[in-house]
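Written out below as structure tokens is the structure these notes cover.
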Amino acid sequence: MNIFNEFERRITAALSAMAADGELPEGLDLSRVVCEPPRDRSHGDISTNAAMVLAKEAGIPPRALAEKIAARLRSPDVEKVELAGPGFINLSLAPHVFEEVLRASLAQGARFGASTIGEGAKVNVEYVSANPTGPMHVGHGRGAVVGDAIASLLAFAGYAVTREYYINDAGSQVDVLARSVHLRYREALGERVGEIPAGLYPGDYLKPIGEKLAQLHGPKFAKAPEAHWLTVFRDAAIEAMMALIRADLAALGIRHDVFFSERSLSAEGKVEAVIAELEARGLVYQGRLPPPKGQVDSDWEDREQMLFRSTAYGDDVDRPLRKSDGSLTYFASDIAYHATKFQRGFNQMIDVLGADHGGYVKRMQAAVRAVSAGAATLEARLCQLVRLFRHGEPVKMSKRAGDFVTLREVVDEVGADAVRFMMLMRKNDAPLDFDLAKVIEQSKDNPVFYVQYAHARCESVRRQATEVLGEFDLGSGTLAAADLNLLADPSERSLLKLLAQYPRVVEQAAQAREPHRTTFYLYELASEFHALWNKGKDFPDLRFINQNSTSLSAARLALVTGVRNVIASGLTLIGVSAPEEMR
RNA sequence: GCGCCCGUAGCUCAGCUGGAUAGAGCACCAGACUUCGAAUCUGGGGGUCGGAGGUUCAACUCCUUCCGGGCGCACCA
């Protein structure tokens, strides 16, 4: 039950009625008409800009138009209609409206706030897609958390979401991985390998794989030419790395529906097929690229090559599909990959990427439009870097010598809840400072605990209620039947109104693909709840449990339960647990 | 040089796709536990929203242009 959507419908209805009565011209553009909570609460509960955005087109001064619209919005649900400023229409809603929202939330439980704006449309959300060459680092973790939360939000908003991971198991990087493992294999056989040569992966995490391969195959590959062992070692290494990554993801509570292998594309001829198709449509050609400007590149080689005409779809230059050795570029596979998304029925694709992939977005969007003939769109959400701190001191993140902090280390140290919550305390395109010392601090300095504590307090009140009030029934049916009109204190009304905003918050967060809005809302809700709680210290009459009045207690417990449900729901959306106790 | 992102209180950041007098947290100061959980709350000061133009009823938000920072810029992924 989204009261803002509801009133947008009413306003739209009022406007068409006015058009029918000749008060307004037909066919006005209503797309800019919105209902939103006013920043200043003294302006009521819902504010609309309808009169201001329509005034010019309607040829009526905004205040006069507002007057007319306002007259049609009067109903038992609306306690007060006021005009303000240049033509705002401010609505103050009757108390029973918010009481109905609370009843709806109790009845709907975890479904409260869910939306149908997705209309069941299929959306593919791709996130993480870390190369299977080592454990995940903290930056991957951010993408994982953001992608997972976006997927959850979209699912809650009525989309048919598929969560996907693209395994980059083709190309030269995994060959390097295989060579690195081969070195560890020789090491496991007793050979002294010394310093890991530059260009190979130095991390210790490859040692167990080398040992396993030594056990499995003995020394027969130690001196053998690369062609004899490369495939075996590569496959074993990729399998082991993916197991490692899946474990890292599991530790963070991240899940995917599909793990899609890049190698399967070329194995099935999908890449060549896509290129052929694009070629047939004149989107692939042999040509030359201008050398990059503003930087000296001694390796630059002016040559004729196979190019994708991405400039036809807004890219800055056309992009190569084959390397100088004739093999396909990563981009070529990625086109084929996104083509399979389209073939699998996804007209909406979202890729959550690291900011260092920003330059890659335009060509990918061009590719998606090309392979779908304009039917599909790709959105990219870029995650900026994460900087790790401990007590304000930067933690070294250099990749050489395996000296970087892995995601797993951080999760093991501070817990999945803290990592996820902190990752969503920033919008994804802002850099994130993450202080390991602060997030395990169990204080109000730490917003994770602050919100979870509010949830635990709700549960605590409910437990207390059954003890103090005896046979009190906390079932949502009973609570919904309570006389909610007894929630008369301004703090209680205010909390009730904040609950009513939840459906709007999650819907807008889904539409904007900005899960951090959920996080901030939860913080605000927790804050108001804590404030009301403490008010009960100064004014015992305001405590949730009142031994002298079962009906008052019931009403307040209904409110507490509503708060609990929304916090639990919001935390679920961002993948954070909602503990019942935190002692 | 070009493209994308960022610039808001001393610090870290929100600001609801253009709405009304720009908000939190931290830090600082002063208060609240015989009482539903003090991991909490109440009050206080603090701003040329990087600068300058423009668009309009209305700009932190959109456009242009500077300044300052980040990322990227064939044949890596």
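The sequence lines fix the lettering, A, B, ..., with proteins before strands; numbering per chain opens at 1.
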| query | Taking only N and O in the side chain of A/Lys427, is any of them less than 4.0 Å away from OP1 or OP2 of B/rG15? | reply | yes

| Just how far, in rounded Å, is P of B/rG25 from CZ of A/Phe421? | 14 Å

| query | Under a 3.5 Å cut-off for both distances, is B/rG18 Watson-Crick or wobble paired, and to whom? | reply | none

| remark: With A/Phe529 as partner, the option from A/Tyr453, A/Phe544, A/Tyr450, A/Tyr523 fulfilling ring pair (Phe, Tyr, Trp, His ring centres under 6.0 Å) is A/Phe544

| task | Any strand is fair game: report the nucleotide pairing with B/rU48 by Watson-Crick or G-U wobble, both distances under 3.5 Å, or none. | result | none

| said: Between B/rA22 and B/rU61, how far apart are the two P atoms, rounded to whole Å? | reply: 14 Å

| request: Please work out if A/Arg319 contacts a base, only the sugar-phosphate, or nothing of the nucleic acid, heavy-atom cut-off 4.0 Å. | output: nothing

| Could you state the CG-P distance from A/Asp538 to B/rG43, rounded to the nearest angstrom? | 11 Å

| A/Phe529 CZ to B/rA38 P: how many Å, rounded? | 11 Å

| said: So if I take every side-chain heavy atom of A/Gln305 and compare against B/rA74, B/rU42, B/rA20, which nucleotide ends up nearest? | reply: B/rA74

| message | Taking the P atom in each of B/rG43 and B/rU64, what is the distance between them to the nearest angstrom? | response | 44 Å

| Atom pair distance, as rounded to whole Å: OH in A/Tyr450 and C1' in B/rU12 | 17 Å

| task | Among B/rA77, B/rA24, B/rA20, find the nucleotide with the atom closest to the side chain of A/Tyr523. | result | B/rA24

| request: For B/rC75, take OP1 and OP2 only and decide whether either is under 4.0 Å from a side-chain N or O of A/Trp300. | output: no

| Aromatic centroids of A/Phe434 and A/Phe389 separated by under 6.0 Å | no

| field | Rounded P spacing from B/rG7 to B/rG15 in Å | value | 10 Å

| query | Is there a Watson-Crick or G-U wobble partner for B/rU56 with both distances under 3.5 Å, and which nucleotide is it? | reply | none

| Between B/rG37 and A/Ser460, is there an OP1 or OP2 to side-chain N/O distance shorter than 4.0 Å? | yes

| If we take the P atom in both B/rG3 and B/rU42, what is their distance in whole Å? | 48 Å

| query | Does A/His455 place a side-chain N or O at less than 4.0 Å from the phosphate oxygens OP1/OP2 of B/rU40? | reply | no

| note | Taken in chain and number order and not counting sequence neighbours, the residues that satisfy side-chain contact (heavy atoms from CB on, under 4.5 Å) with A/Asp40 are A/Ser42, A/His43

| message | Please check this pair: side chain of A/Asp29 against backbone of A/Ser31, looking for a donor-acceptor N/O pair closer than 3.5 Å. | response | yes

| For the pair made of CG in A/Asp40 and P in B/rA22, what is the distance, rounded to whole Å? | 11 Å

| request: Apply the test ring pair (Phe, Tyr, Trp, His ring centres under 6.0 Å) to residues A/Phe260 and A/Tyr337: give CA-CA distance (whole Å), side-chain angles for both, the deciding distance (0.1 Å), then the verdict. | output: CA-CA 9 Å; A/Phe260 198 103; A/Tyr337 171 48; 5.0 Å; yes

| field | Partners meeting side chain to side chain donor-acceptor pair (under 3.5 Å) with A/Asn49 (sequence neighbours left out) | value | none

| request: Considering only atom P, compute the distance from B/rG1 to B/rC62 and round it to an integer number of Å. | output: 24 Å

| message | Both distances below 3.5 Å, Watson-Crick or wobble geometry, any strand: find the nucleotide opposite B/rA30. | response | B/rU42

| query | Nearest-Å distance, CZ (A/Arg39) to C1' (B/rA59)? | reply | 12 Å

| For B/rC13, does the O4'-C1'-N9-C4 (purine) or O4'-C1'-N1-C2 (pyrimidine) torsion place it in syn, i.e. within 90° of 0, or in anti? | anti

| said: I'd like the P distance from B/rU40 over to B/rU56, given in whole Å. | reply: 49 Å

| Mate of B/rU61 where both pairing distances stay under 3.5 Å, Watson-Crick or G-U | none

| Euclidean distance for P, B/rG50 against B/rC6 (whole angstrom) | 12 Å

| B/rC73 pairs with which nucleotide, Watson-Crick or G-U wobble, both distances below 3.5 Å? | B/rG1

| Side-chain donor/acceptor of A/Asn534 to base of B/rU40, under 3.5 Å | yes

| query | Looking only at side-chain N and O atoms, does A/Arg457 come under 4.0 Å of OP1 or OP2 in B/rA38? | reply | yes

| query | Between atom CG in A/Asp175 and atom C1' in B/rC76, what is the gap in whole Å? | reply | 13 Å

| query | Is the backbone of A/Ala510 close enough, under 3.5 Å, to the side chain of A/Arg513 for a donor and an acceptor to pair up by distance? | reply | yes

| said: For a quick test of reading the model: is some side-chain N or O of A/Lys537 closer than 4.0 Å to OP1 or OP2 of B/rA38? | reply: yes

| request: Would you mind reading off the distance between A/Asn446 atom CG and B/rU12 atom C1', rounded to a whole angstrom? | output: 14 Å

| field | Integer angstrom distance from the P of B/rA20 to that of B/rA74 | value | 44 Å

| said: For B/rC57 and A/Lys56 - does any side-chain N or O of the residue sit under 4.0 Å from the phosphate oxygens OP1/OP2? | reply: yes

